[in-house]
Asks: 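First, the structure itself, so that you have it in front of you.
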Amino acid sequence: MEQTLSSSKTETLQTRAEAPDAGAAATTAHAPAGELSDADRARLSRPFNLPTPRGAALWVLVAVVLVWSGLGAGFNPDKLLSGVPNMANFLGRLFPPTFDKFDVIVKLLVENLQMAVVGTVLGALASLLLSFGAASNIAPRWIYTACRWVLNVLRSIPDLIFALMFVSAVGLGPFAGILAIVLGSVGSIGKIYAEAMESVQPGPVEALTAVGANKRQIVAYAVLPQAAPLLVSYTLLLFEGNVRGATILGLVGAGGIGLELTTAMRMYDYGHLCAIIISIIVLVTLIDRASAFIRAKLS
């Protein structure tokens with residue numbers, strides 16, 4: 001009996017003595033799992049890795065499409081280099097700028113800004129309403145398809161076509177430009193709004209759905225709070241683009257400073273043209289800094 005007890009105690013002590021060694025061995029065995037192997041180190045140390053056959057085929061396809069596009073579009077660096085003296089001559093004629101019509105420039109720039117403000121607000125509201133139907137996580141399939149189709153059509157038509165249409169409908173002036181900016185904004189930003197809503201985290205949406213919330217409640221309390229920062233940022237970018245776009249619309253008589261810009265070019269009034277360009281650059285820069293400040297505060 002005593003021999004049995006002593007042998008049992010000896011086995012127990014041996015087991016306890018071997019246990020730390022086993023744990024250490026296990027620790028040693030698992031330690032390299034978090035480290036890189038020699039093959040991984042060699043692969044990461046190379047500055048350039050050879051692409052896989054599929055990656056090489058993709059790069060070849062991209063190169064072929066790029067060359068095909070350049071040849072079809074008449075891309076010719078030699079013409080650009082030979083035209084550098086002409087560009088320098090044109091830029092030399094712009095200086096010095098003449099600000100003798102600065103009051104006219106300021107008045108038209110203010111009109112430009114007003115057109116962009118009204119067009120952006122109305123366009124953003126219309127885009128927001130349409131984006132609810134264009135978001136796949138909110139709208140039924142048939143509404144989603146119809147809204148996406150409308151956005152595709154609006155995005156396919158240039159703003160100048162809208163401007164010409166509204167100039168023929170309501171006459172020359174900034175009102176036609178505002179209407180063109182509204183439709184152009186819906187086409188360009190409506191899809192982005194919808195994709196911002198589709199990219200929200202599904203957790204809050206699923207939680208509200210589980211407790212029996214309807215679509216309006218899901219949109220108000222789960223989708224919009226998550227997408228709001230992106231929507232505001234995209235709206236500010238839209239406003240910056242509309243300020244520049246309002247200048248282009250003036251070329252067809254839809255208000256803004258574009259008509260004055262075109263007149264200065266046709267009359268070869270280069271000093272006035274340079275003054276207009278400088279004023280536009282200053283306005284766009286100020287708006288860009290203000291929108292960047294607002295986006296920084298929101299983030």
Side-chain angles (χ1 to χ4, degrees), residues 113-159 161-163 165-166 170 174-246 249 287-299:
L113 186 62
Q114 292 169 338
M115 290 170 55
V117 169
V118 177
T120 301
V121 171
L122 296 180
L125 291 176
S127 300
L128 186 63
L129 294 176
L130 196 58
S131 64
F132 290 141
S136 59
N137 58 339
I138 297 176
R141 186 67 185 178
W142 65 274
I143 296 180
Y144 168 83
T145 303
C147 291
R148 286 283 177 162
W149 184 84
V150 171
L151 291 176
N152 289 336
V153 171
L154 293 177
R155 192 167 57 254
S156 303
I157 301 175
D159 291 354
I161 302 299
F162 289 134
M165 180 181 68
F166 287 120
V170 301
F175 184 47
I178 291 173
L179 296 177
I181 290 174
V182 170
L183 286 185
S185 299
V186 173
S188 61
I189 207 71
K191 180 183 177 183
I192 300 177
Y193 280 0
E195 291 179 351
M197 294 181 187
E198 289 177 345
S199 64
V200 300
Q201 294 295 327
V205 178
E206 294 172 354
L208 287 178
T209 304
V211 298
N214 54 34
K215 283 291 184 182
R216 182 186 62 81
Q217 294 170 329
I218 291 173
V219 171
Y221 298 109
V223 177
L224 282 181
Q226 295 186 74
L230 286 176
L231 298 182
V232 174
S233 179
Y234 292 147
T235 304
L236 291 174
L237 292 175
L238 174 67
F239 175 65
E240 295 175 23
N242 285 340
V243 171
R244 295 187 295 270
L249 298 180
I287 293 174
D288 176 70
R289 292 296 87 204
S291 62
F293 175 78
I294 295 174
R295 284 196 297 269
K297 290 295 183 182
L298 291 176
S299 60

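Just the heavy atoms: all of them, side chains too, but no hydrogens, waters or symmetry mates, feed the values below.
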Asks: Side chains of L238 and I192, heavy atoms from C-beta outward: is any pair under 4.5 Å?
Replies: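 Not touching, per the 4.5 Å side-chain cut-off.
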Asks: Quick check for you: to the nearest 0.5 Å, what is the distance between L179 atom CG and F162 atom CZ?
Replies: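 One gets 11.0 Å once the value is rounded to the nearest 0.5 Å.
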Asks: As an exercise, state the distance from CG of L230 to CD of E195, rounded to the nearest 0.5 Å.
Replies: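 So the gap between those two atoms works out to 11.0 Å.
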Asks: Do you know which two heavy atoms are closest between A134 and C147, and how far apart they sit?
Replies: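 Closest approach of A134 to C147, heavy atoms only: N-CB, 3.8 Å.
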Asks: Taking all non-hydrogen atoms of both residues, which atom of G190 and which atom of S131 are closest, and how far apart?
Replies: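 Residues G190 and S131, closest heavy atoms: O-CB, 3.7 Å.
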Asks: Treating S156 as the side-chain partner and N152 as the backbone partner, does any N or O pair qualify as donor plus acceptor under 3.5 Å?
Replies: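 Between the backbone of N152 and the side chain of S156 there is a qualifying donor-acceptor contact (under 3.5 Å).
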Asks: For residues 215-230, which residue pairs qualify under side-chain hydrogen bond (donor to acceptor under 3.5 Å, both in side chains), counting only residues two or more places apart or in two chains?
Replies: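 Listed by first then second residue: nothing to list.
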Asks: Shortest non-hydrogen contact from L249 to A163?
Replies: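 Of all heavy-atom pairs spanning L249 and A163, the closest is CD2-CB, 3.8 Å.
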Asks: Might you point out which heavy atoms bring G133 and A139 nearest each other, and give the distance in Å?
Replies: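 Residues G133 and A139, closest heavy atoms: O-CB, 3.3 Å.
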Asks: Could you measure the distance from the CG atom of L130 to the CG atom of L151? Nearest 0.5 Å is fine.
Replies: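 L130 atom CG to L151 atom CG measures 4.5 Å (nearest 0.5 Å).
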Asks: Just how far is it from atom OG of S127 to atom NZ of K191, taken to the nearest 0.5 Å?
Replies: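 Between S127 OG and K191 NZ, I get 13.5 Å after rounding to 0.5 Å.
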Asks: By side chain to side chain contact (heavy atoms under 4.5 Å, CB included), which residues pair with Y144, not counting sequence neighbours?
Replies: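 Applying side chain to side chain contact (heavy atoms under 4.5 Å, CB included) to Y144 gives S136, R141, R148, E198.
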Asks: Hey, does the side chain of T145 reach the backbone of W142 with a donor-acceptor pair shorter than 3.5 angstrom?
Replies: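 Checking the backbone N and O of W142 against the side chain of T145, no donor-acceptor pair under 3.5 Å is found.
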Asks: Tell me, please, which residues at least two apart from I287 pass side chain to side chain contact (heavy atoms under 4.5 Å, CB included).
Replies: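 I287: side chain to side chain contact (heavy atoms under 4.5 Å, CB included) contacts with L113, F239, E240, V243, L283.
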Asks: Is there a side-chain contact between L224 and F132 in this structure, where contact means two heavy atoms from C-beta onward sitting under 4.5 Å apart?
Replies: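 Yes - at least one pair of side-chain heavy atoms lies under 4.5 Å apart.
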Asks: Nearest 0.5 angstrom please: F166 CZ to D159 CG, how far?
Replies: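 Reported value, rounded in 0.5 Å steps: 10.5 Å.
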Asks: With S185 as reference, evaluate T235, T120, N242 under the side-chain hydrogen bond (donor to acceptor under 3.5 Å, both in side chains) test and give the passing residue.
Replies: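 When T235, T120, N242 are each tested with S185, the side-chain hydrogen bond (donor to acceptor under 3.5 Å, both in side chains) holds only for N242.
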Asks: To the nearest 0.5 Å, tell me how far R155 CZ sits from I157 CD1.
Replies: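 One finds 11.5 Å between CZ of R155 and CD1 of I157.
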Asks: Might you point out which heavy atoms bring L128 and Y193 nearest each other, and give the distance in Å?
Replies: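 That closest heavy-atom pairing would be N-CD2, 3.7 Å.
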